[in-house]
**Q** 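One structure follows; several queries about it will come next.
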Amino acid sequence: MAKKRWVIFIAILLTAALLTGCQFSWHFDWPKITSESGELPTLPQDSKENDLIPLDVLMGYAEYTPPQISTDGNLVLYRHMTDYEDNYMVLNWKSGEQSAVNWPSDVYGVPYASWAPDGETVLLFVDNMGDENYGLYTSNVYTGETATVLPGGDNNCYYVADNPENDKEIYLSLFNNDTSLFDLYLLNYVTGEKSLVMRNTGDMTGFLFDHQGKLRIVTRTDDNAGDHVWLKKDTNNMNTQFVESEWQQVLQWDYEDADTSGVVGFMQDDTRILYIDSSGSNTSKLAAYDVSSGEKTEIFSDPDYDIYGSWTDLELNEVTAVSTEGAYLEWHVLDDSFQDDYDVLKTIGDGVFDIIGSSENDEYWIVAYVSDTKETDYYVYDMASNDIKLLYNARPELEEFDFAPMEPFSYTASDGLKIEGYVTFPLESDKKNLPTVALVHGGPWSRDSWGYSDEVQLLANRGYAVLQVNFRGSTGYGKDFMNAGDKEWGGLMHQDILDAVNYAIDQGWTDKDRVGIYGASYGGYEALISAAFSSDVFKCAVDAFGPSSLLTFIESIPAKWSIEYQDLIRAVGDPETEKDLMESRSPLYFADQVEIPMLIAQGGNDVRVPQQESDQMVEALKEAGVPVTYLLFPDSGHGFNSQEDMLKFYSTMEKFLAENLGGRAEK
């Protein structure tokens with residue numbers, strides 16, 4: 001389910017159209033710390049089990065990105081990146097034949113590629129090096145012909161849906177420069193012809209189509225950040241303006257439920273709407289709404305965790321399996337028709353499996369096997385024969401190395417709230433008295449999950465225990481837990497991190513004199529807060545792409561995301577009525593309280609957390625005499641757009657942590 005809140009999470013981008021150089025500023029001015037004994041403990045350097053995995057191997061881009069299957073199920077699209085090439089590739093997984101996708105000339109930026117509905121065209125949404133203004137380009141995998149459909153810069157568009165009635169057409173959200181809103185268009189991606197389907201009224205956040213390609217559902221938000229789902233009364237009505245009398249409100253949620261509820265799609269016969277609903281309960285349930293009778297039928301709910309995903313049998317026209325995510329991803333089989341598939345899939349790969357894609361009629365599935373000690377394996381599953389074929393491991397170059405397992409744990413926060421998370425220990429360690437890094441996830445409306453993480457493995461390989469905490473405000477644990485994070489940036493959300501560190505110390509895992517914190521986006525904000533408010537707990541802090549002032553952060557929201565403004569200020573704070581609260585939770589205004597060395601990284605093209613947020617924090621820290629290293633990457637956005645940028649950051653970070661916590665780093 002799409003998250004309604006405007007998310008500032010960090011995603012280290014797997015794709016980069018052009019691996020270019022960058023300019024950055026940095027200096028090293030880190031005071032060494034000592035333990036109570038007066039010496040900085042060090043880790044053993046000579047054991048084979050403690051061999052350093054080379055940074056450029058561990059933190060490079062995945063060689064293979066997640067595969068996407070064509071509508072007919074014969075071809076698989078993926079991106080292949082090595083030191084020598086960077087291409088989108090098309091593989092006939094049955095014959096083994098593969099070829100590179102032609103790239104449009106004079107197009108540079110961060111691409112997101114997907115199959116067009118005709119099964120022979122690749123759609124390339126490309127921005128300008130992380131500025132998130134996407135143009136649309138195409139490349140035909142058979143003819144090699146490329147085309148510019150909507151040039152980047154002049155347009156900003158996002159994919160919405162295919163048109164089942166014409167495999168040369170897709171629906172797009174296209175930015176309207178006059179209204180600063182995204183309108184809905186039907187686009188022929190071959191001819192470039194587009195037609196307006198629905199003009200955005202200023203409160204529309206979602207569109208849903210039936211299996212005949214007709215717009216049937218519009219989701220609108222209100223002034224209190226609630227959601228309202230409207231069903232079109234006459235499916236033949238082609239009015240491009242929303243007239244309320246032509247629509248019927250069928251579902252609604254207030255603010256407390258809106259972020260854990262929403263429509264998913266139409267069932268195969270278009271008579272029922274599948275939706276997620278947390279009203280009347282804490283965790284979200286999966287339900288169906290009958291468009292003729294208005295009857296609502298609950299399909300599945302879990303008392304502890306929200307719905308993660310579902311699988312619908314097209315022939316039965318019923319949901320046959322549902323997944324939830326607690327400590328691990330878990331499948332719940334609802335019908336025998338899925339049981340045979342489940343029995344096969346659960347025995348194949350390492351770890352837990354998830355279905356991440358399928359061909360048009362679900363004949364072939366793309367199945368991902370997620371493990372904490374190896375990168376993801378991707379398979380094609382033939383539903384009719386129950387045969388399964390390995391496509392590839394995302395990073396085969398890592399298979400020669402041993403990685404540390406990720407262990408779930410939970411603790412009780414200071415106010416009694418149960419918090420879950422993961423801890424990873426260095427291989428061969430005794431899990432006692434270790435230097436520790438709290439690794440804080442972004443969002444904050446997201447969560448850490450069990451599985452392979454290059455950042456976690458980097459830190460564990462360098463000798464640190466790694467704490468990952470799904471603090472209040474994280475998703476998947478029900479609306480009460482998520483809403484408990486409202487207005488708690490720098491408050492109880494910060495306390496949850498402190499409580500996790502104290503728990504690790506009490507368990508004997510962590511040396512209290514060697515604790516650092518690192519995070520990106522919201523996690524970067526938490527690193528700044530921890531430095532400003534808790535320098536007695538942490539010995540160093542690393543912030544990547546994090547806001548330093550809640551006030552200037554809210555003020556910097558682009559006009560194109562204005563629809564989400566009410567939702568955001570209810571979660572973070574309203575500058576007009578809660579200025580004092582927001583100032584009190586902004587590390588920028590407490591730079592003089594920071595007593596530990598800082599490392600800050602920022603993308604020059606970041607539109608979610610603009611460069612100003614890091615610039616002003618670094619200036620304040622310098623004025624306060626705090627040792628700070630600032631890495632500015634002009635050609636990156638809210639994440640690293642090139643491997644050079646990424647490796648420079650992690651190389652600097654591992655040296656910074658080693659200097660301050662006593663871990664290891666490449667020389």
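By convention here, the first residue in the shown sequence is residue 1. All heavy atoms count here, side chains included; hydrogens, waters and symmetry mates do not.
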**Q** With the side chain counted from C-beta on, respond yes when E63 and M81 share a heavy-atom pair under 4.5 Å apart, and no when they do not.
**A**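 Not touching, per the 4.5 Å side-chain cut-off.
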**Q** Can you check whether F266 reaches L208 side chain to side chain, under 4.5 Å on heavy atoms?
**A**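 Sidechains of L208 and F266: in contact.
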**Q** Report yes if the side chains of L329 and V370 come closer than 4.5 Å at any heavy-atom pair, otherwise no.
**A** no
**Q** Ring centres of F242 and W247 under 6.0 Å apart?
**A**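 Yes: the rings meet the under 6.0 Å criterion.
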**Q** Do side-chain atoms of N641 reach the backbone of M129 as a donor and acceptor pair under 3.5 angstrom?
**A** yes
**Q** Which value, rounded to the nearest 0.5 Å, describes the distance between R272 atom CZ and M267 atom CE?
**A** 4.5 Å
**Q** Could you give me the CA-CA distance, side-chain angles and deciding distance for Y78 and Y88, then say whether ring pair (Phe, Tyr, Trp, His ring centres under 6.0 Å) is met?
**A** CA-CA 6 Å; Y78 62 92; Y88 277 100; 8.9 Å; no
**Q** Check for a donor-acceptor pair, side chain of Q212 on one end and backbone N or O of N163 on the other, with a separation under 3.5 Å.
**A**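 Side chain of Q212 to backbone of N163: no pair is present.
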**Q** State yes or no: are the ring centers of F300 and H332 separated by less than 6.0 Å?
**A** yes
**Q** Below 6.0 angstrom between ring centroids: does that apply to H80 and Y64?
**A** yes
**Q** Start with the C-alpha gap between S449 and E325, add the side-chain angles, then the distance that decides, and say whether side chain to side chain donor-acceptor pair (under 3.5 Å) holds.
**A** CA-CA 8 Å; S449 298; E325 186 179 18; 2.5 Å; yes
**Q** May I ask you to check whether over 12 heavy atoms, not counting those of E85, lie within 6.0 Å of atom CD?
**A**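 Yes.
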**Q** Say you draw a straight line from CG of N155 to CG of L136; how long is it, rounded to the nearest 0.5 Å?
**A**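 Answer for the CG-CG pair, N155 versus L136, is 9.0 Å.
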**Q** Mind checking what makes side-chain contact (heavy atoms from CB on, under 4.5 Å) contact with S245, not counting sequence neighbours?
**A**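 In terms of side-chain contact (heavy atoms from CB on, under 4.5 Å), with neighbours along the sequence ignored, S245 is linked to V243.
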**Q** Can you confirm whether I563 sits close enough to L181 that some side-chain heavy atom of one is under 4.5 Å from a side-chain heavy atom of the other?
**A** yes
**Q** Counting the benzene-type ring for Trp, do Y364 and Y381 have ring centres under 6.0 Å apart?
**A**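 That pair fails the under 6.0 Å test.
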**Q** With a 4.5 Å cut-off on side-chain heavy atoms, are V291 and L231 touching?
**A** yes
**Q** Applying side-chain contact (heavy atoms from CB on, under 4.5 Å), name anything that partners N177, two or more places apart in sequence or on another chain.
**A** F175
**Q** Pairing donors with acceptors under 3.5 angstrom, does anything connect the side chains of H441 and S474?
**A**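 Distance-only check passes for H441 and S474.
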**Q** Can you list everything that forms a side chain to side chain donor-acceptor pair (under 3.5 Å) with D127? Sequence neighbours excluded, please.
**A**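 By the side chain to side chain donor-acceptor pair (under 3.5 Å) rule, D127 matches no residue at all.
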**Q** Nearest 0.5 Å please: distance from the CG atom of D257 over to the CG atom of L251.
**A**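 With rounding to 0.5 Å, CG (D257) is 12.0 Å from CG (L251).
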**Q** List the residues meeting side chain to side chain donor-acceptor pair (under 3.5 Å) with Y452, not counting sequence neighbours, and say none if there are none.
**A** none
**Q** Who are the salt bridge (Lys or Arg N to Asp or Glu O under 4.0 Å) partners of E256, not counting sequence neighbours?
**A**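 Result, salt bridge (Lys or Arg N to Asp or Glu O under 4.0 Å) vs E256: none returned.
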**Q** Using the rule given for ring pair (Phe, Tyr, Trp, His ring centres under 6.0 Å), can you reason through W365 versus Y379, listing the C-alpha separation, both sets of side-chain angles and the distance that settles it, and then say yes or no?
**A** CA-CA 8 Å; W365 308 355; Y379 289 79; over 10 Å; no
**Q** To the nearest 0.5 angstrom, please state how far the CZ atom of F353 sits from the CD1 atom of I388.
**A**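 F353 atom CZ to I388 atom CD1 measures 9.0 Å (nearest 0.5 Å).
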**Q** Verify the neighbour count for atom CG of D336: are there more than 12 heavy atoms of other residues, nucleotides or ligands below 6.0 Å?
**A**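 No, CG of D336 has 12 or fewer neighbouring heavy atoms, counting only those of other groups under 6.0 Å.
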**Q** Please lay out, stage by stage, how S278 and T260 fare under the test side chain to side chain donor-acceptor pair (under 3.5 Å).
**A** CA-CA 6 Å; S278 64; T260 45; 2.7 Å; yes
**Q** Of all heavy-atom pairs between V333 and Q339, which one has the smallest distance, and what is that distance?
**A**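 Taking V333 first and Q339 second, the nearest heavy atoms are CG1-OE1, 3.4 Å.
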**Q** Output, in order, the C-alpha distance, side-chain angles, deciding distance and verdict of ring pair (Phe, Tyr, Trp, His ring centres under 6.0 Å) for Y137 and W103.
**A** CA-CA 9 Å; Y137 309 84; W103 184 260; 7.7 Å; no
**Q** Verify the ring-centre separation between W445 and Y522: is it less than 6.0 angstrom?
**A**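 No: the rings miss the under 6.0 Å criterion.
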**Q** Measuring from T376:OG1 to N393:CG, what's the distance to the nearest 0.5 Å?
**A**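 Nearest 0.5 Å value for the OG1-CG distance: 7.5 Å.
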**Q** Among residues two or more places apart or on two chains, list those pairs meeting salt bridge (Lys or Arg N to Asp or Glu O under 4.0 Å) that have a residue in residues 156-172.
**A** D118-K168, E120-K168
**Q** Give, for atom CG of L286 and atom CD1 of I299, the distance between the pair rounded to the nearest 0.5 Å.
**A**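 Separation between the atoms: 4.5 Å.
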**Q** Quick one, T221 and D567 - any side-chain contact, counting heavy atoms below 4.5 Å?
**A** no
**Q** Mind checking what makes salt bridge (Lys or Arg N to Asp or Glu O under 4.0 Å) contact with E360, not counting sequence neighbours?
**A** none
**Q** Could you tell me if the side chain of I356 sits less than 4.5 Å from the side chain of Y378, heavy atoms only?
**A**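 Contact flag for Y378/I356 side chains = yes.
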**Q** Where do W253 and D277 land on the side chain to side chain donor-acceptor pair (under 3.5 Å) test, with the steps shown first?
**A** CA-CA 8 Å; W253 298 282; D277 181 20; 2.8 Å; yes
**Q** Do L75 and L91 touch side chain to side chain, with heavy atoms closer than 4.5 Å?
**A**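 Side chain of L75 against side chain of L91, heavy atoms only: no contact under 4.5 Å found.
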**Q** Please identify each residue that fulfils side-chain contact (heavy atoms from CB on, under 4.5 Å) with V197, with sequence neighbours left out.
**A** Y171, L184, L186, L215
**Q** Excluding sequence neighbours, so at least two apart, what forms salt bridge (Lys or Arg N to Asp or Glu O under 4.0 Å) with D313?
**A** none
**Q** Any chance CD of E145 has more than 12 other-residue heavy atoms, nucleotides or ligands included, within less than 6.0 Å?
**A**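 No, not enclosed.
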**Q** Can you list everything that forms a salt bridge (Lys or Arg N to Asp or Glu O under 4.0 Å) with K346? Sequence neighbours excluded, please.
**A**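 Salt bridge (Lys or Arg N to Asp or Glu O under 4.0 Å) check on K346 returns D343.
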**Q** Any chance the rings of Y158 and Y134 have centres within less than 6.0 Å?
**A** yes
**Q** Could you go through the side-chain contact (heavy atoms from CB on, under 4.5 Å) check for N128 and N605 one step at a time?
**A** CA-CA 9 Å; N128 182 21; N605 292 331; 5.9 Å; no
**Q** Between F545 and F640 (judged by ring centroids, cut-off 6.0 Å), do the two rings come close enough to count as a pair?
**A** yes
**Q** Using the ring of W561 (Phe, Tyr or Trp, six-membered ring only), decide whether R608 places NZ or CZ under 6.0 Å from its centre and within 45 degrees of its axis.
**A** yes
**Q** Regarding W93 and N74, do their side chains bring together a donor and an acceptor under 3.5 Å, going by distance alone?
**A** no
**Q** Tell me which pairs pass salt bridge (Lys or Arg N to Asp or Glu O under 4.0 Å) where either residue lies in residues 229-252, with sequence neighbours left out.
**A** R220-E244
**Q** Determine which pairs satisfy salt bridge (Lys or Arg N to Asp or Glu O under 4.0 Å) with at least one residue from residues 187-201, sequence neighbours left out, and list them in order.
**A** D183-R199
**Q** Would you check if there is a donor-acceptor pair between the side chains of D645 and S636 at a distance under 3.5 Å?
**A** yes
**Q** Counting only heavy atoms not in Q241 (residues, nucleotides, ligands), do more than 12 fall under 6.0 Å from its CD?
**A** yes
